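Here the structure comes first, spelled out in structure tokens, and everything after it is commentary.
Quantities reported herein were computed from a predicted structural model and do not represent experimental measurements. Atoms within each ligand, like the ligands themselves, are counted from 1 in listed order. Residue indices begin at 1 and follow the sequence shown.
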Amino acid sequence: MEPHPFIPLRWNERSHEEMLALAKANYTELAQRRTTRHFSSRDVDRRLIELAILSGSTAPNGAHLQPWTWVAIRSGELQAKLRAAAEAEERKTYSERMPEAWSEVLAPLGTDAVKAHLTDAPWIVVLFRQKKRERGNGNWGPTYYSVESCGIAAGMFIQAVHHMGLVTLTHTPSPMGFLRELLGRPAHEEAMLVMPVGYPSEEATVPDIHRKTLDEVAVFHDEQA
Ligand code: IYR
């Protein structure tokens with residue numbers, strides 16, 4: 001492959017006060033994000049979805065192969081098919097496949113095999129992970145750290161959706177093989193996340209959960225403390 005030319009990094013020095021204010025504002029905004037299962041059918045401008053996808057696609061990723069494909073769906077017919085297929089898998093998951101250790105931690109969150117959000121939300125974005133890349137001349141090679149890359153991209157997509165004032169839900173129908181077929185994606189792409197995007201319904205609720213404190217999630221080895 002051709003080497004990339006190197007260009008100066010665009011970066012602006014900020015005062016400590018400004019950095020602290022920005023960091024606090026960003027944390028406050030992110031702390032207000034919640035996943036809800038209750039979507040309004042109110043339409044969302046396609047440009048907003050495009051911007052969320054572009055935002056997710058700025059993610060750092062393995063060898064800059066950008067191993068993601070976002071399939072954005074605003075189609076009653078396709079959403080109904082997707083919901084029927086997802087619910088068929090999920091019914092088996094919830095009733096047969098889910099071991100007790102799993103249902104034990106899911107039960108308090110009230111999730112079940114009914115996936116109304118797949119037909120309620122105006123948009124469904126399905127993130128596919130590219131496991132391989134085309135090297136030319138019909139040769140294929142692996143992608144690298146595609147799980148990490150797509151995980152980061154999904155996080156940045158979710159942040160972008162929240163920042164613009166919409167809500168999303170990371171739905172993980174399992175197994176996900178049906179999505180490749182339904183959406184006509186090639187064999188080297190694997191569906192990773194299904195994300196309805198839209199406005200919350202007026203009666204939207206969320207479980208009253210609490211996030212772990214800094215002490216519970218972080219360990220510092222800090223000589224200056
Ligand atoms: N895949 C199912 C089940 C599910 C699993 C976990 I872990 C969750 O945090 C929530 C749901 C689904 O998407 O409903």
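Taking the six-membered ring for Trp and the full ring otherwise, H38 and H117 have centroids separated by 6.0 Å or more.
Atom 7 (I) of ligand 1 has W102 NE1, 3.5 Å as its closest protein atom, hydrogens excluded (heavy atom only). Scanning the protein for heavy atoms near atom 13 (O) of ligand 1, the closest one is H171 ND1, 2.8 Å. Looking only at heavy atoms of the protein, atom 10 (C) of ligand 1 is closest to L106 CD2, 3.5 Å.
Close N/O approach between T111 and ligand 1 is not found [any backbone or side-chain N/O within under 3.5 Å]. Residue contacts with ligand 1: Y94 is placed with a nitrogen or oxygen under 3.5 Å of a nitrogen or oxygen of the ligand (distance criterion only).
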Should F128 and W70 be marked as a ring-ring contact (aromatic ring centres under 6.0 Å, His included) after you check the CA-CA gap, both sets of side-chain angles, and the distance that decides it? CA-CA 6 Å; F128 282 84; W70 311 81; over 10 Å; no
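Between the side chains of S174 and E89, no donor-acceptor pair of N or O atoms lies under 3.5 Å.
Counting only heavy atoms from C-beta outward, the side chains of V161 and V125 never approach each other to under 4.5 Å. Considering only heavy atoms from C-beta on, L166 comes within 4.5 Å of V44 through its side chain.
Atom 14 (O) of ligand 1 has its nearest heavy-atom neighbour, among K115, R37, E87, in K115.
The environment of NZ in K131 is crowded: more than 12 heavy-atom neighbours from other residues, nucleotides or ligands sit within 6.0 Å.
Taking a cut-off of under 4.0 Å to the non-hydrogen atoms of T172, the atoms of ligand 1 that pass are 1 (N), 2 (C), 13 (O). If you number the atoms of ligand 1 from 1 as listed, the ones under 4.0 Å from a heavy atom of E90 come out as 1 (N), 2 (C), 3 (C), 12 (C), 13 (O), 14 (O).
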